[in-house]
Amino acid sequence: MTAGRTLWAVSDLHVAARGNRELVDRYVRPTAPGDWLIVVGDVAERPGDVAAALEELRRRFATVIWVPGNHELFARADDPTRGRRRYDHLVDLCRGLGVLTPEDPYPSFAGHTVAPLFTLYDHSWRPAGSPPGATAAEAVAAAVDRGVMFTDEVAIAPYVDVPAWCADRVRTTVGRLAAVAGPSSPPTVLVNHWPLVRETTRRLAVPEVALWSGTEHTQEWARRFRAAVVVHGHLHIPVETVVDGVPHVEVSLGYPREQARSLAPRIAAGLWPYPVLRETGR
């Protein structure tokens, strides 16, 4: 019997960080012909770096699927593309490389529908102690007053209304998922940079980070859309969180200080890159 294909997943490669590009080059490689790879956002900040990294991975894997993270959306006032136009530009770059995106038809692997998503966040995951009835802007302002602020507030938010964009993405995505996740449909693999359930943020050392980490509107998606597994990144806490019987797995590489705690054991156990699905060989 020959080895079957594997659907692998990685996230938060941050290839501009010291040593990360070398780790990607060494470890993110197929183990059998026909292997697929999901790249779950935060490849890099500059579109050229994102394209270069994905182009190299596309050479190695039969199929590469990319979803954006917040870092791909970072921009400066003098950048030619910002906000929604930055995302559209990245999708065009991926299509030129033959890399699948959330804007393409959902592919099938090993009897599962693989659904790359892009939902953003809307500040609805409020930290404990937030004032009842506070608006999203007030919740963010309170976090900033406590000394917590994501770079998103200066590199994404000035160029687009992120909660409104999140609402648009949620509305569109629900329609697409409903079309492929009926009672007799194959199970799904839901892939999103931001976690889909609030429970994944319980391990955060800084609870306010949850404000920039997801939306309450995706909480039931795994059950509603028949997910066998949910794959995410963003938090740099590479663990599995089971909610309603569905594993939500973070597959991040992260920064060197984080790798020192978790990367070597995951590599030794064959869990990074993360094997999402395996086909039986013939």
**Q** So does His236 get a backbone contact from the side chain of Glu250, meaning a donor-acceptor N/O pair under 3.5 Å?
**A**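 Yes: the side chain of Glu250 pairs with the backbone of His236.
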**Q** Quick check on the hydrophobic clustering: are Val43 and Val28 connected, directly or via other members, by side-chain heavy-atom contacts under 4.5 Å?
**A**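 Yes, Val43 and Val28 fall within the same hydrophobic cluster.
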**Q** Rounded to the nearest 0.5 Å, what's the gap from CZ on Arg84 to CG on Leu73? Could you check?
**A**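 One gets 11.5 Å once the value is rounded to the nearest 0.5 Å.
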**Q** According to a 4.5 Å side-chain heavy-atom criterion applied to Ile, Leu, Val, Met, Phe, Trp and Tyr, with indirect links allowed, do Val154 and Val140 form part of one hydrophobic cluster?
**A**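 Linked, Val154 and Val140 end up in one cluster.
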**Q** Would you say Arg82's side chain and Pro158's backbone share a donor-acceptor pair under 3.5 angstrom?
**A**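 Not confirmed, Arg82 side chain does not pair with Pro158 backbone.
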**Q** Using distance alone, with no hydrogens and no angle criterion, decide if Asp42 and His234 have a side-chain donor and acceptor under 3.5 Å apart.
**A**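 Distance-only check fails for Asp42 and His234.
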**Q** At what distance, to the nearest 0.5 angstrom, does CG of Asp122 lie from NE2 of His217?
**A**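 The NE2 atom of His217 is 5.0 Å from CG of Asp122, to the nearest 0.5 Å.
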**Q** Quiz question: by atom type and distance under 3.5 Å, do the side chains of Thr172 and Asp168 form a donor-acceptor pair?
**A**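 There is no such pair between these side chains.
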**Q** Looking only at heavy atoms, what is the nearest atom pair of Thr119 and Arg169, with distance?
**A**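 Smallest heavy-atom distance, with atoms named: CA-CB, 4.1 Å.
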**Q** So for atom CZ, which belongs to Arg85, do other residues, nucleotides or ligands contribute more than 12 heavy atoms lying within a distance under 6.0 Å?
**A**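 Atom CZ in Arg85 is not packed in, count stays at 12 or less.
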**Q** Arg18 versus Pro256: any side-chain heavy-atom pair under 4.5 Å?
**A**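 Yes - at least one pair of side-chain heavy atoms lies under 4.5 Å apart.
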**Q** Might you work through the side-chain contact (heavy atoms from CB on, under 4.5 Å) test for Val170 and Trp221, ending with a clear yes or no?
**A** CA-CA 10 Å; Val170 166; Trp221 281 14; 3.8 Å; yes
**Q** Quick one: do Leu37 and Val229 end up in the same hydrophobic cluster if we chain Ile, Leu, Val, Met, Phe, Trp and Tyr together by side-chain heavy atoms under 4.5 Å apart?
**A**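 No; Val229 is not reachable from Leu37 via cluster members.
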**Q** Using 4.0 Å as the upper bound for N to carboxylate O, is an ion pair formed by Glu56 and Arg59?
**A**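 Yes, charged N to carboxylate O under 4.0 Å.
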**Q** In terms of ring plane angle, is the pair Tyr87 and Trp165 parallel, tilted or perpendicular, where the classes change at 30° and 60°?
**A**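 Judged by the thresholds at 30° and 60°, the geometry between Tyr87 and Trp165 is perpendicular.
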**Q** Report yes if the side chains of Leu117 and Arg176 come closer than 4.5 Å at any heavy-atom pair, otherwise no.
**A**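 Side chain of Leu117 against side chain of Arg176, heavy atoms only: no contact under 4.5 Å found.
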**Q** If hydrophobic clusters are built from ILVMFWY residues whose side chains come within less than 4.5 Å, do Val10 and Val276 share one?
**A**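 No, Val10 and Val276 fall in different hydrophobic clusters.
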**Q** Would you sort out whether Glu216 and Arg126 count as a side-chain contact (heavy atoms from CB on, under 4.5 Å), showing the intermediate values?
**A** CA-CA 10 Å; Glu216 63 187 3; Arg126 309 292 172 79; over 6 Å; no
**Q** Here's a test for you: under ring pair (Phe, Tyr, Trp, His ring centres under 6.0 Å), which of Phe109, Phe61, Trp66 qualifies with Trp36?
**A**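 One option only clears the test, and that one is Phe109.
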**Q** Between Thr135 and Glu138 (side chain of the first, backbone of the second, donor and acceptor by atom type, cut-off under 3.5 Å), is there such a pair?
**A**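 Side chain of Thr135 to backbone of Glu138, a donor-acceptor pair under 3.5 Å: yes, one is there.
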**Q** Checking Val191 against Ile65 for the side-chain contact (heavy atoms from CB on, under 4.5 Å) test, could you report, in this order, the C-alpha distance in whole Å, the side-chain angles of both residues, the deciding distance, and whether it holds?
**A** CA-CA 10 Å; Val191 180; Ile65 302 167; 5.8 Å; no
**Q** Could you tell me if Asn70 and Tyr121 have a donor-acceptor pair between their side chains, going purely by distance under 3.5 Å?
**A**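 No, because no side-chain N or O of Tyr121 sits under 3.5 Å from a partner of the opposite role on Asn70.
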**Q** Going through the distances and angles, do Thr201 and Arg198 end up as a side chain to side chain donor-acceptor pair (under 3.5 Å)?
**A** CA-CA 6 Å; Thr201 67; Arg198 177 69 187 267; 3.2 Å; yes
**Q** Would you call Arg76 and Asp79 a salt bridge, using N to O less than 4.0 angstrom?
**A**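 Answer for the salt bridge query: yes.
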**Q** Any heavy-atom pair between the side chains of Asn192 and Val67 that's under 4.5 Å?
**A**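 Counting from C-beta outward, Val67 and Asn192 never come under 4.5 Å.
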**Q** Report whether Ile38 and Trp8 are members of the same hydrophobic cluster (ILVMFWY, side-chain heavy atoms less than 4.5 Å apart, transitive linking).
**A**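 No; Trp8 is not reachable from Ile38 via cluster members.
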**Q** For a quick test of reading the model, state the closest non-hydrogen atom pair linking Pro187 to Gly111 and the distance between them.
**A**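 Smallest heavy-atom distance, with atoms named: CD-O, 3.6 Å.
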**Q** Please identify each residue that fulfils side-chain hydrogen bond (donor to acceptor under 3.5 Å, both in side chains) with Glu153, with sequence neighbours left out.
**A**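 Here the qualifying residues are Trp212.
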**Q** Kindly say whether the aromatic ring centers of His71 and His14 come within a distance under 6.0 Å.
**A**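 Yes - the distance between ring centres of His71 and His14 falls below the 6.0 Å cut-off.
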**Q** Does the side chain of Glu103 come under 3.5 Å of the side chain of Thr101 through a donor N or O and an acceptor N or O?
**A**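 Side chains of Glu103 and Thr101: no pair found under 3.5 Å.
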**Q** Using the side-chain contact (heavy atoms from CB on, under 4.5 Å) rule, take Val246 and Val230 through it: C-alpha gap first, then chi angles, then the decisive distance, then the call.
**A** CA-CA 7 Å; Val246 179; Val230 176; 4.2 Å; yes
**Q** When you check the gap from the basic side-chain N to the acidic O, do Asp25 and Arg60 get nearer than 4.0 Å?
**A**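 Salt bridge flag = yes for Arg60 with Asp25.
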**Q** Quick check: closest heavy atoms across Trp194 and Pro68, and the distance to 0.1 Å?
**A**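 Nearest pair, atom of Trp194 first, then Pro68: CZ3-O, 3.6 Å.
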**Q** Without hydrogens or angle criteria, can the side chains of Thr241 and Arg203 be said to hold a donor-acceptor pair below 3.5 Å?
**A**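 Result is yes, a qualifying pair exists.
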**Q** Testing the basics here: between Thr63 and Arg58, what is the closest heavy-atom pair and its distance to 0.1 Å?
**A**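 So the two residues come closest at N-NH1, 4.5 Å.
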**Q** Is there a side-chain contact between Pro47 and Arg86, using heavy atoms and a 4.5 Å cut-off?
**A**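 Result yes, sub-4.5 Å side-chain heavy-atom pair found.
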**Q** Which heavy atom of Leu13 sits nearest to which heavy atom of Asn20, and what is that distance?
**A**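 Scanning both residues completely, I find the closest heavy atoms to be O-ND2, 2.8 Å.
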**Q** What closest approach, in Å, do Tyr159 and Ala75 show between heavy atoms, and which atom pair accounts for it?
**A**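 Nearest heavy atoms, Tyr159 then Ala75: CE1-O, 3.5 Å.
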